[in-house]
Amino acid sequence: MNQNSPNDFPESSVEPGFNFAYLDEQTKRSIRRSILKAIAIPGHQIPFSSREMPMSYGWGTGGIQLTAAVIGQKDVLKVIDQGADDTSNAVNIRRFFRKVCGVATTEKTSAATLIQTRHRIPETPLKEGQIIVYQVPIPEPLQWLQPSTKETKKMHALEDYGAMYVKLYEDITKYGHIATAYDYPVMVSDRYLMSPSPIPRFDNPKMNMNPALQLFGAGREKRIYAVPPYTKVTSLDFADYPFTVQRWDKACEFCGSQTSYLDEVVIDDAGARMWICADTDYCHQQQEN
Amino acid sequence: MEHLLKINQLSKSYGAISACENICFDLYPGQVLGIVGESGSGKSTLLNAIAGHLNIDSGEIIYVDPQGNTQNINQLPEIKRRWLMRTEWGFVQQNPRDGLLMKVSAGGNIAARLLDTGWRNYGKIRETAIYWLEQVEIESKRIDDLPSTFSGGMQQRLQLARVLVTQPRLILMDEPTGGLDVSVQARLLDLLRSLVRNFHLSVIIVTHDLGVVRLLSHRLIVMQKGKVVESGLTDQVLDDPQHPYTQLLVSATLTP
């Protein structure tokens, strides 16, 4: 990156020859229609005509199309990858939208109106009016249990989710606890089983009754689903094995936070390691305070 | 006494081949009904039709639920039919590998029907699983083992436990002793007989082994080419067969 802070890129940086936000208006409209359907049926997967994007599948083509469909000239965009604003996926998607929209970007969660994320929900609580877009690799939570799409659709339609609990039963039997650490399945509004995308289960409680609109896009699988603001989201568990989140007996070595999600970073070739916040914006704020 | 299940004029054909033609019978609570016949006589088709695994061409399958309501199985919405198959009904496959989750532990296999029907307490589910393992004479310490580490007879007994755990009223069995050696068969039949008595089960059992029906079933239906050729009390049919095909079937049985 150059010395320019991401915020003060001149308007002239917009690449000529592209429609606003890369996709043409009809495509964006069709995606927005799918989004509206998804919002109307919280947690239910809606198919959409996923387009080829100038990046490979697995790098957030689903999320990027949702962002392109909902972004407006006045939006302030934040992009994170594993909580960090400065990793290559985040930097490139942010640069992409600056190029094709010329919108303002930010690293501050509180300043953003639109947040595209890979694998994390920011530590700073989201608020009303914000939209968070998740990049989803595998939208179907039942896929590992039932390879047939026809059958998984039927299971969703009939609310037939016993098989998922069999998996949790096996986890407790094998490991003494539910071992799923990320992409931990949730029930949305007591109706649809939903994959929360590969966020750590630490973030699952943040989805519940969240004031922000949560959109999920899977580009390769061509699926969109959504959790509207203030919707009940519960993580699956057993009465005597309640859902828990990860805890660390350490604090972040930069900001001292004991409540945020920590990454383990190996810092030399002698096996020394340090624990730091995964959410870089939150860590900076804590250091300033 | 009110019947539990009534099959009325059930027909099913595969193209030009008629697999079941105008089958009628009643099943009463606590009764074991044997269906015998040679391969291709339509007995498995009949069982699968009753279980809702395939669509029938015409006829009725009437089930009387514990509240006394009659339900037409082939007109029931799928959600209700699935629920029925997991609570009040059970299906035991000939090959336990078709009826079990082979990559899930024995306990998980028994737990599946409980979890399907809304049980959400791990401790209680496990207690129940252990109880049913003991009922089918499997040591409770094998609860966390995979079914693939079980012998064929044990797998079949595990399949029984998996079905029995929701205390069904009606169990459909497709050749449950097929593929087992004679001593294991005897043990399974013995177990089946005591389970039927202790839990007051109604059973429809499809088999080609007359020894199995003689030991287990109260009534017998003999099928040939998709038609019922003879029916009645098991002893009566086997000791005094009227239809030529039944006579052939009985005389073909080896007696030691």
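Residue numbers start from 1 in every chain, and the chains themselves are labelled A, B, ... in the order their sequence lines are given, proteins ahead of strands.
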Quick check on side-chain contact (heavy atoms from CB on, under 4.5 Å): which of B:Leu115, B:Asp116, B:Leu114 does A:Val166 satisfy it with? B:Leu115
Salt-bridge present (B:Arg82, A:Glu159; N to O < 4.0 Å): no
NZ/A:Lys222: more than 12 non-hydrogen atoms of other groups inside 6.0 Å: yes
Could you go through A:Phe238 and B:Ile125, starting from their C-alpha distance and side-chain angles, then the distance that decides it, and tell me whether this counts as side-chain contact (heavy atoms from CB on, under 4.5 Å)? CA-CA 10 Å; A:Phe238 285 101; B:Ile125 289 167; 4.0 Å; yes
Heavy-atom contact with chain B under 4.5 Å, split by part of A:Ala163: backbone
How are the rings of B:Tyr122 and A:Tyr169 set relative to one another: parallel (under 30°), tilted (30 to 60°) or perpendicular (over 60°)? tilted
Short N-O contact, A:Asp160 and B:Arg86, less than 4.0 angstrom: yes
Please indicate whether B:Phe150 has more than 12 foreign heavy atoms, meaning atoms of other residues, nucleotides or ligands, lying under 6.0 Å from its CZ. yes
Please classify the contact between B:Ala112 and chain A as side chain, backbone, both or neither, with a heavy-atom cut-off of under 4.5 Å. both
Closer than 3.5 angstrom, by distance alone: can the side chain of A:Asp240 be matched with the main-chain N or O of B:Gly123 as a donor-acceptor pair? yes
Is B:Lys103 salt-bridged to A:Glu170, going by a charged N under 4.0 Å from an acidic O? no
Does CG in B:Asn69 sit with more than 12 non-hydrogen atoms of other residues, nucleotides or ligands closer than 6.0 Å? yes
Whether over 12 other heavy atoms sit under 6.0 Å from A:Trp59 CH2: no
Test side-chain contact (heavy atoms from CB on, under 4.5 Å) on B:Asp144 and A:Lys174; report intermediate values, then the result. CA-CA 8 Å; B:Asp144 295 334; A:Lys174 264 189 215 155; over 6 Å; no
Here the gap from B:Lys80 atom NZ to A:Leu158 atom CG, rounded to the nearest 0.5 Å, amounts to 13.0 Å
A:Thr173 versus B:Arg126: any side-chain heavy-atom pair under 4.5 Å? yes
Mark yes when over 12 heavy atoms from residues, nucleotides or ligands other than A:Lys153 sit less than 6.0 Å from its NZ; otherwise mark no. no
Check the surroundings of atom CH2 in A:Trp144: do more than 12 heavy atoms from other residues, nucleotides or ligands lie under 6.0 Å from it? no
